[in-house]
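Data first, discussion second: the structure below is written as structure tokens.
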Protein chains: 2
Amino acid sequence: MKHAKKNKFRLFIAQKGLKSTRQRDIILDCFLSSSRHISIEELYLKLRSKNPNIGYATVYRTLKLFAESGIAREIQFGDGQTRYEHANEGEHHDHLVCTRCGTIIEFENQDIEQLQQEVAGAHGFQIENHKLELYGICAKCR
Amino acid sequence: MKHAKKNKFRLFIAQKGLKSTRQRDIILDCFLSSSRHISIEELYLKLRSKNPNIGYATVYRTLKLFAESGIAREIQFGDGQTRYEHANEGEHHDHLVCTRCGTIIEFENQDIEQLQQEVAGAHGFQIENHKLELYGICAKCR
DNA sequence: TTGCTTTTGAAAATCACTTTCATTTATAAG
DNA sequence: CTTATAAATGAAAGTGATTTTCAAAAGCAA
């Protein structure tokens with residue numbers, strides 16, 4: 001799994017004529033071994049603990065590359081922090097976000113997706129992607 | 001409709017012990033006569049054309065008050081711009097956003113809402129609110 | 001190795017807001 | 001109608017997240 005993503009990124013880098021660098025490897029390893037929804041700040045701090053000389057800008061730039069290559073996806077939960085999640089080929093999921101503790105649960109629901117298609121169709125829209133977030137209180141916090 | 005919102009805001013202002021000012025009246029009129037999804041920048045520019053001395057900060061502050069009073073709702077489509085839409089008592093809707101021309105269509109779908117409740121329930125979540133946006137290409141742009 | 005391009009890190013810049021603060025207003029009290 | 005006082009305003013400075021700039025460093029092909 002992790003290996004597949006490393007390869008995918010390597011390929012992306014090659015196809016784009018970009019260079020393989022020590023920093024990109026480090027950041028990729030760190031990202032892949034992190035929780036599924038990590039903010040740039042969190043990742044940066046985690047990186048710095050082992051690589052005190054890695055730059056802020058490099059982390060930002062590299063995460064954008066991950067997203068472009070398809071191994072990560074940018075998400076925003078409206079708290080002013082951009083997060084990146086691990087993206088898997090052709091897979092899409094939505095989120096339940098606890099407004100108390102911040103826990104994020106992923107889910108997938110084909111019925112909802114189906115209904116979305118119908119709604120879009122009724123308005124002549126062709127869906128490219130969507131965003132569904134349910135905000136509330138998780139079981140633990142209640 | 002516009003009148004009802006003006007009254008609602010007036011009431012809110014009174015209850016909070018705030019003051020009724022010329023600027024708030026102007027901004028409210030301008031907001032109510034604008035498209036349903038207006039960004040702060042757009043509203044500010046529209047305002048400035050007739051009131052060159054109205055301040056940026058005042059527009060921001062006043063829109064926050066509109067949201068607090070319940071006559072407006074803050075929305076974000078991930079383009080880094082906060083927008084405000086006209087909010088109606090107890091009504092919720094979701095959005096279809098055209099990624100080409102920016103057109104925004106509102107929709108409401110009870111079946112989807114129902115399924116959301118089911119998903120949340122299955123995870124022990126109690127939904128407080130949700131956000132559903134379908135991004136794609138509208139009929140006109142295709 | 002050389003030559004050319006990309007990448008990096010640090011610092012400055014940007015963007016969308018938010019806060020500060022001296023001044024102006026609205027409103028209540030006299 | 002004053003006066004007092006608390007809130008509102010506008011301009012400018014401040015924030016916080018993200019981007020850009022730029023000189024130096026590092027990949028990579030020949």
Side-chain angles (χ1 to χ4, degrees), chain A residues 9-31 37-69 72-84 102, chain B residues 9-31 37-69 72-84 102:
Chain A
F9 186 61
R10 219 167 263 144
L11 201 68
F12 170 81
I13 286 292
Q15 287 177 331
K16 281 262 183 175
L18 303 179
K19 289 171 181 172
S20 156
T21 70
R22 211 172 52 77
Q23 286 89 332
R24 287 179 180 161
D25 289 345
I26 293 171
I27 297 174
L28 181 52
D29 277 336
C30 189
F31 174 68
H37 306 89
I38 195 164
S39 70
I40 299 174
E41 181 72 13
E42 284 164 351
L43 189 59
Y44 174 70
L45 290 175
K46 195 176 165 192
L47 278 163
R48 290 290 289 211
S49 69
K50 301 214 168 184
N51 309 273
N53 51 340
I54 212 153
Y56 219 82
T58 303
V59 179
Y60 271 90
R61 290 188 277 231
T62 305
L63 283 174
K64 285 220 170 297
L65 283 181
F66 290 174
E68 229 188 298
S69 77
R73 195 180 294 120
E74 234 181 277
I75 42 173
Q76 300 194 226
F77 293 129
D79 62 347
Q81 292 250 210
T82 297
R83 284 156 195 284
Y84 283 86
Chain B
F9 186 62
R10 220 168 261 145
L11 201 68
F12 170 82
I13 286 292
Q15 286 175 331
K16 282 260 183 177
L18 302 179
K19 288 171 181 170
S20 155
T21 69
R22 210 171 53 77
Q23 285 89 333
R24 287 179 179 160
D25 289 344
I26 292 171
I27 297 173
L28 182 51
D29 277 336
C30 190
F31 174 68
H37 306 88
I38 193 163
S39 71
I40 299 174
E41 180 72 13
E42 285 164 350
L43 189 58
Y44 174 70
L45 291 175
K46 195 175 165 194
L47 278 162
R48 290 291 287 212
S49 70
K50 300 213 168 182
N51 309 273
N53 51 341
I54 213 154
Y56 220 82
T58 302
V59 179
Y60 272 89
R61 290 188 278 232
T62 305
L63 283 173
K64 284 219 172 297
L65 283 181
F66 290 173
E68 230 189 297
S69 77
R73 194 182 296 119
E74 233 180 279
I75 43 173
Q76 301 195 225
F77 293 127
D79 62 347
Q81 292 248 212
T82 297
R83 282 156 197 285
Y84 283 86

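The figures that follow rest on heavy atoms only: side chains count, while hydrogens, waters and symmetry mates do not. Order of the sequence lines sets the chain letters (A, B, ...), proteins ahead of strands, with each chain counted from 1. Only a predicted model underlies this, so the values are computations on that prediction, with no experimental measurement involved.
- The distance between atom CD1 of B:Ile40 and atom P of C:dC15, rounded to the nearest whole Å, is 16 Å.
- For C:dT8, one of the phosphate oxygens OP1 or OP2 lies less than 4.0 angstrom from a side-chain nitrogen or oxygen of A:Thr21.
- Between A:Ile54 atom CD1 and C:dT8 atom P the separation is 8 Å, expressed in whole Å.
- Taking 4.0 angstrom as the limit, B:Gln23 places a side-chain polar atom (N or O) nearer than this to OP1 or OP2 of D:dG10.
- A distance-only check finds a donor-acceptor pair linking the side chain of B:Arg24 to the backbone of B:Lys19 [under 3.5 Å].
- For the OP1/OP2 pair of D:dT18 and a distance below 4.0 Å, the side-chain nitrogens and oxygens of A:Thr82 include at least one atom meeting the criterion.
- Ring pair A:Phe66/A:Phe31 is tilted by interplanar angle, where 30° to 60° counts as tilted.
- Under 3.5 Å, the side chain of A:Arg22 and the base of D:dG27 form no donor-acceptor pair of N or O atoms.
- Take the nearest nucleotide of DNA chain C for B:Leu18 and for B:Gly80: the residue whose nucleotide is more 5' is B:Gly80.
- Ranked by how close their nearest DNA chain C nucleotide is to the 5' end, A:Asn53 and B:Lys64 are led by A:Asn53.
- For D:dA26, the base has no donor-acceptor partner in the side chain of A:Lys19 [N/O atoms by modelled type, under 3.5 angstrom].
- Between the B:Gln15 side chain and the B:Phe12 main chain, no donor and acceptor come within less than 3.5 Å of each other.
- One interatomic measurement links the two molecules: CZ of B:Arg83 to P of C:dC17, which rounds to 10 Å at whole-angstrom precision.
- For D:dG27, the base has no donor-acceptor partner in the side chain of A:Arg24 [N/O atoms by modelled type, under 3.5 angstrom].
- Distances were taken from every side-chain heavy atom of A:Arg61 (C-beta onward) to each of C:dG9, D:dG10, D:dT18; the shortest belongs to C:dG9.
- Residue B:Glu74 contributes atom CD, which lies 12 Å from atom C1' of C:dA16 at whole-angstrom precision.
- In this structure, B:Ile13 places its CD1 atom 14 Å from C1' of D:dA6, rounding to the nearest Å.
- The interatomic distance linking B:Asp25 (CG) with D:dT9 (P) rounds to 10 Å, in whole Å.
- Residue A:Thr58 has a polar side-chain atom (N or O) positioned under 4.0 Å from OP1 or OP2 of C:dG9.
- As rounded to whole Å, 19 Å separates atom P of C:dA13 from atom OH of A:Tyr56.
- Using a 4.0 Å cut-off between a side-chain N of Lys or Arg and a carboxylate O of Asp or Glu, A:Lys64 and A:Glu74 qualify as a salt bridge.
- The nearest whole Å value for the distance from the OH atom in A:Tyr60 to the P atom in C:dT7 is 20 Å.
- Proximity of a side-chain donor or acceptor of B:Arg48 to a complementary backbone N or O of B:Ile54 within less than 3.5 Å is detected.
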